[in-house]
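A quick write-up on the structure given underneath.
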Amino acid sequence: MAVCKSLMVNYGKSIVIALLITAVLLEMMVSPVQGTIAYQFPRYTYKKKPKIERFFKQEWRKCELTRECEQMFGVERTRCIRICLAPICHDEIYSYDELEEGEIDVRSSSFKGCWRQRYHDIRIRTNRSDL
């Protein structure tokens with residue numbers, strides 16, 4: 001309060017109020033506030049089931065060993081593998097805001113859910129119709 005009083009004496013009440021409003025606005029922009037909007041991305045449910053998880057890991061490994069992805073590291077490698085696995089899902093979930101180095105990937109289960117719906121389930125239906 002002493003700072004506010006000395007500022008008022010030197011600069012006037014309106015400038016002090018403007019500075020306080022600016023400080024409050026800056027604090028609101030910097031500090032996390034409840035109710036802030038996190039990522040906006042399509043959400044797909046993915047329940048870990050041993051068969052599907054095993055198949056996902058097999059497909060992941062195949063993409064990991066491709067010439068393009070094998071030479072990459074970190075986030076670039078993960079991006080390459082996801083594009084190899086399910087390009088439509090990658091575009092839908094990550095294209096507007098790519099994953100950055102060190103970022104916790106809160107969208108990974110949505111990616112797996114999308115992959116399951118668009119690729120895994122379609123393969124199963126196709127294989128059953130061939131029988």
Side-chain angles (χ1 to χ4, degrees):
M1 283 309 240
V3 174
C4 288
K5 286 181 182 178
S6 67
L7 285 172
M8 273 196 264
V9 169
N10 293 335
Y11 298 105
K13 191 175 181 179
S14 60
I15 291 178
V16 172
I17 292 172
L19 287 172
L20 288 173
I21 290 172
T22 304
V24 168
L25 291 173
L26 285 172
E27 181 66 22
M28 288 172 55
M29 289 179 2
V30 173
S31 66
V33 179
Q34 282 185 332
T36 57
I37 297 173
Y39 286 107
Q40 294 288 331
F41 61 92
R43 298 183 193 273
Y44 293 89
T45 56
Y46 179 76
K47 294 180 183 175
K48 272 190 166 182
K49 294 182 179 178
K51 269 186 172 179
I52 295 172
E53 191 66 21
R54 200 171 331 136
F55 186 66
F56 181 83
K57 287 179 181 177
Q58 287 172 355
E59 294 297 304
W60 183 276
R61 186 75 180 134
K62 284 179 194 174
C63 288
E64 201 172 35
L65 296 174
T66 61
R67 182 173 288 147
E68 301 84 31
C69 298
E70 197 173 43
Q71 299 170 3
M72 296 179 184
F73 298 96
V75 175
E76 292 297 321
R77 184 179 188 136
T78 303
R79 182 179 301 127
C80 180
I81 294 167
R82 286 187 175 139
I83 291 170
C84 170
L85 262 175
I88 294 170
C89 296
H90 178 272
D91 286 346
E92 200 173 316
I93 296 171
Y94 292 99
S95 66
Y96 72 96
D97 183 21
E98 289 289 347
L99 193 63
E100 296 173 11
E101 202 65 53
E103 180 183 349
I104 296 171
D105 189 4
V106 297
R107 300 171 277 180
S108 63
S109 65
S110 281
F111 176 81
K112 284 182 174 183
C114 178
W115 167 82
R116 195 202 85 237
Q117 282 182 14
R118 293 180 185 258
Y119 295 91
H120 180 261
D121 292 353
I122 289 171
R123 286 181 185 159
I124 288 173
R125 278 187 240 122
T126 305
N127 288 341
R128 284 186 184 156
S129 66
D130 291 342
L131 295 176

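Because the structure is a prediction, the values reported are computed rather than measured. Scope of the values below: all heavy atoms of this structure, side chains included, with no hydrogens, waters or symmetry mates.
Atoms OG1 and CZ, on T78 and F111 in that order, are 10.5 Å from each other to the nearest 0.5 Å. Rounding to the nearest 0.5 angstrom, the gap separating the NZ atom in K47 from the OG atom in S109 is 12.5 Å. Rounding to the nearest 0.5 angstrom, the gap separating the CD1 atom in I83 from the CD1 atom in I88 is 12.5 Å. In this structure, K112 NZ and I52 CD1 are separated by 11.0 Å, a value rounded to the nearest 0.5 Å.
Under the 4.5 Å side-chain contact rule for hydrophobic residues, W60 and F55 share a cluster.
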Practice problem: Evaluate the criterion disulfide (SG to SG under 2.5 Å) for residue pair C114 and C89; output intermediate values, then yes/no. | Solution: CA-CA 6 Å; C114 178; C89 296; 2.1 Å; yes

Exercise. Dump the intermediate steps for side chain to side chain contact (heavy atoms under 4.5 Å, CB included) on R107 and L99, then the final yes or no.
Key: CA-CA 9 Å; R107 300 171 277 180; L99 193 63; 4.0 Å; yes

Quiz item: Can C63 and C69 be said to form a disulfide (SG to SG under 2.5 Å), step by step?
Solution: CA-CA 7 Å; C63 288; C69 298; over 6 Å; no

Exercise. Could you go through the side chain to side chain contact (heavy atoms under 4.5 Å, CB included) check for H90 and E98 one step at a time?
Key: CA-CA 9 Å; H90 178 272; E98 289 289 347; 3.3 Å; yes

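Legend: side chain to side chain donor-acceptor pair (under 3.5 Å) pairs involving residues 64-74, not counting sequence neighbours, sorted by first then second residue: R61-E64.
Under the 30°/60° scheme for interplanar angles, the aromatic rings of W115 and F56 are found to stand perpendicular.
In this structure, the side chains of R118 and E92 come closer than 4.5 Å at one or more pairs of heavy atoms.
S108 pairs by the side chain to side chain contact (heavy atoms under 4.5 Å, CB included) definition with R82, Y94, D105, not counting sequence neighbours.
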